[in-house]
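The next block holds one structure in the form of structure tokens; read it before the comments.
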Amino acid sequence: MPRIKASRVKFWLLDINFEMRLGTPEIWLWGICNGERVLLLEREFKPYFYLVISDEPGSVLPALRSESLKTKEPVEFQSVERNFFGRPVKAIKVICSNPETMGNLAQRLSKVKGIERSLEEDIRFSTRYVIDTGVTPCSWHVANVRRADNPPRVIADEVYSLVGPPEKLDEAGFPRLRVMSFHVVPLGGSGGPQPGKDPVAVISVNNSRKGPRQFYMGDGDREVLISFIEYVKGYDPDIIVGYGVNQGIWQVLMNRAKHHGLKLAVDRASSEPHTSLYGHTSITGRAGLDLLDMAKEIPSLDVERLDNFARYLGLNVKGELMDLEETDISDLWASGDKQLVLKYAAHNAQIIAEAAESLLVLLTQFSDLVKLPLDHVVAAAVGFRVESYLMAFAHRAGELIPKRISRDYAPYAGGLVLNPKPGMHKDIAVIDFRSMYPNLMIKYNISPDTYTEEPAKDLNVAPEVGYGFRKSPDGFYKQALKSLVAARGDLATKLKGLSPRTTEYRLFEARQRAIKIITNAMYGYCGWVGARWYAKSVAEATAAWGRSVILRSIELAKSAGLEVMYGDTDSIFLRNDPVKVAKVLKAVGEEIGLEARPEKVYKKLMFTEAKKRYCGLLSTGEIDIVGLEAIRGDWAGVAKKAQKKLIEIILREEDVEKATAFVRQCVAQVLKGDVPKRDLVIWKTLTKPAEEYEVKAPHVEAAKIMKEKGWQPNVGDKIGYIVVKGDGKLYQRVRPFAFMEGFEPDYRYYAEKQVVPAAARVLSIYKVDESALLA
DNA sequence: TATAGGCACGTGGAGCCCTGTCT
DNA sequence: AGACAGGGCTCCACGTGCCT
């Protein structure tokens, strides 16, 4: 018998996974402890699920026991009391031994007479562990451990066995992490990357300590892969970060490795990267991140190219390198300009490393808040982050977690939008309700578990729709929202006492941002048919209360003597009479009980006939453009730039003639063809596979051409195309912008269908129409 | 492995009417 | 005179990206 020596360690949790090992499900906690990389093993934790019973436990247990005997698995039953959607229920907690067969067991046992339903068998085992123990990714813990007896073969400085669950510490910050970025240049011959068919020309890596390295092809790519694998082993990064790597690059590397009889052993458990939740590639023991997932969340990015993303983050981007198109890279390599390709790849890897650096604080705070491992929190969409938060919250509140089920889409009425008063206005104030929906949900206790169809006293009854919600006790959503709001309030207090330059300030600031995002997503989450806690009545009632709030605010503004020029969901636009506006704000606060704030003031504001489209000159001197073509990603640069400049002239100089002349000059220039090619590119997202479209559309046809050329446009990719001269419908006259050889842009189209309509949208309020601009 | 609904607007395509031409 | 092809027009569905 080995001597058992217990000790106490403090560690920061990087990754968590589960393995069946030696016949037992084992939770693996990958931690960082005094600069060492450690693995902590938990073998005592057992998977379980619930059976909600309609009878007394005694009457169902014998049948459950005899049914469970048919399986070889040892099963333990515990009678427990829980809540389900706020209603107290009796349940049997079924503790089993194998997470992989638990689903089948749950299905069998749920058929036993007296069982209403099974619950929580669909919670992943590692998630179960996080929920039950409070152990939290990207957070510090202390644990009692001893050296593991039969440690698995892994890359770690130490492997421990846990003695009891770790205890989470209330401590901010994170250890010094080893971050490695990489960029891969796969060769595609004449076409694009057929995953793994063609060799990998270059792999560039970068890290904060060792600096850049490059591995590139000589005769073949075998050495490239071997060097890459060796490099990863040598540096042993905690985080491996790429850009767009979940969309095929990992697959390319795997296929190339297989081709050469190699194992792409880049994780800490000498296995290979594998596809995991949320369509991301998981690397055991490390956090494998794809920053494209983050870029896709940023609405102001028209096209989620790395260079755009990097510029958004304020990084120093070398334009001459980043302007290279992916489609040209393999040609460049083939044609001999290898130095340029190497520089390009190196710069990409460097930019990715810098981007990771600047995002890491926010990402760790998100991970800590919603209790998803770092790699999952990056890959998961907003709805799943909210849900993860709620699942952990539910456990603490004794609420059973509903199953994920598929439901039919069920639309409901949302926010109220007023017709704007078209024309130019001076001195307009916008007041809006901060976080209106979450605050309404708190105020009226709107929650799936407080909703009742029975007539009762003490109900909040929603306007228009008439749904009733119990005033007490606090509903599940209200509890969750209040706890988020309170946490954010605490952080605000802490932030006041800190200098913005400190590490702590950056951490707390990121954390409050994460909390704000989750708080504001809660309403959308509850109306999402895929949500575990979906409740249409909740979403519908919240929106209805929102409409009544805005309508009442308009009345209050009118009775204060202020005309309402426009309004959208939670905002109203008024003449900026400070005394009267203050009066409105006060009345709104007192009568409605929600905080409204003056959001911004326009010196000049121009509405078109349309809702959600206007532009103005702010009191700060900035131009604000809302909804118009100039800020839309699916209009050509020529049109966007012309409209932007035109708006500047109108707002700053109020010179309609000058503006008109400017547009005419733009039109003439376009017709002459005196415009850079990139300003002719129109970008549109491919939202489904090209074959599934019901109508012929330009960007879909462009995607098909790319496919013919060997490139694989993915669903979600932005397709850039140029309209070219020729006959027929528009969709017959488009080319992907990278494949323009032999085609000439249709400048007439750009003048008539892009620049002129965009300009006329603004100028039409001055009675300048399209024909006047084309003349 | 989709947070919500409201809205504008370009494009394609179906359907209708009109008109000119052929039988 | 009637049949019919084809052009022009209207209207609507589809599709996308924006706003809050």
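FYI, side chains are in, hydrogens and waters are out, and symmetry mates aren't considered; it's all heavy atoms of this structure. Labels below follow one simple rule: chain letters A, B, ... track the order of the sequence lines, proteins then strands, and each chain is numbered from 1.
- If you look at Phe18(A) and Tyr129(A), their ring centroids are not closer than 6.0 Å.
- For dG13(B), the OP1/OP2 oxygens have a side-chain nitrogen or oxygen of Tyr731(A) closer than 4.0 Å.
- Side-chain to base pairing of Lys612(A) with dC7(B): no donor and acceptor N or O lie closer than 3.5 Å to each other.
- For the pair Leu628(A) CG and dA8(B) C1', the interatomic distance rounds to 11 Å; values are reported in whole Å.
- Applying the 4.0 Å criterion to OP1 and OP2 of dT16(C), one finds that Thr687(A) has a side-chain N or O inside that range.
- Applying the 4.0 Å criterion to OP1 and OP2 of dG10(B), one finds that Tyr749(A) has every side-chain N and O outside that range.
- A sub-4.0 Å separation between OP1 or OP2 of dG10(B) and a side-chain N or O of Arg761(A) is present.
- Phosphate contact (OP1/OP2 of dC7(B), side-chain N/O of Lys611(A), threshold under 4.0 Å): present.
- Rounded to whole angstrom, the span from the CZ atom of Phe384(A) across to the P atom of dT3(B) amounts to 7 Å.
- Of the charged side-chain nitrogens involved, at least one lies within less than 4.0 Å of a carboxylate oxygen, so that Arg552(A) and Glu555(A) count as a salt-bridged pair.
- Both Val382(A) and Trp635(A) lie close to DNA chain B; mapped to their nearest nucleotides by heavy-atom distance, the more 5′-ward contact belongs to Val382(A).
- Tyr409(A) has a side-chain polar atom (N or O) that falls below the 4.0 Å cut-off from OP1 or OP2 of dG5(B).
- For Thr542(A), no side-chain nitrogen or oxygen approaches OP1 or OP2 of dA4(B) to under 4.0 Å.
- Remark: Asp679(A) engages Lys641(A) in a salt bridge, criterion side-chain N to carboxylate O under 4.0 Å.
- OP1 or OP2 of dT16(C) sits under 4.0 Å from a side-chain N or O of His699(A).
- The aromatic ring centres of Trp528(A) and Phe384(A) sit less than 6.0 Å apart.
- Note on Arg632(A): every side-chain N or O is 4.0 Å or more away from OP1 and OP2 of dC9(B).
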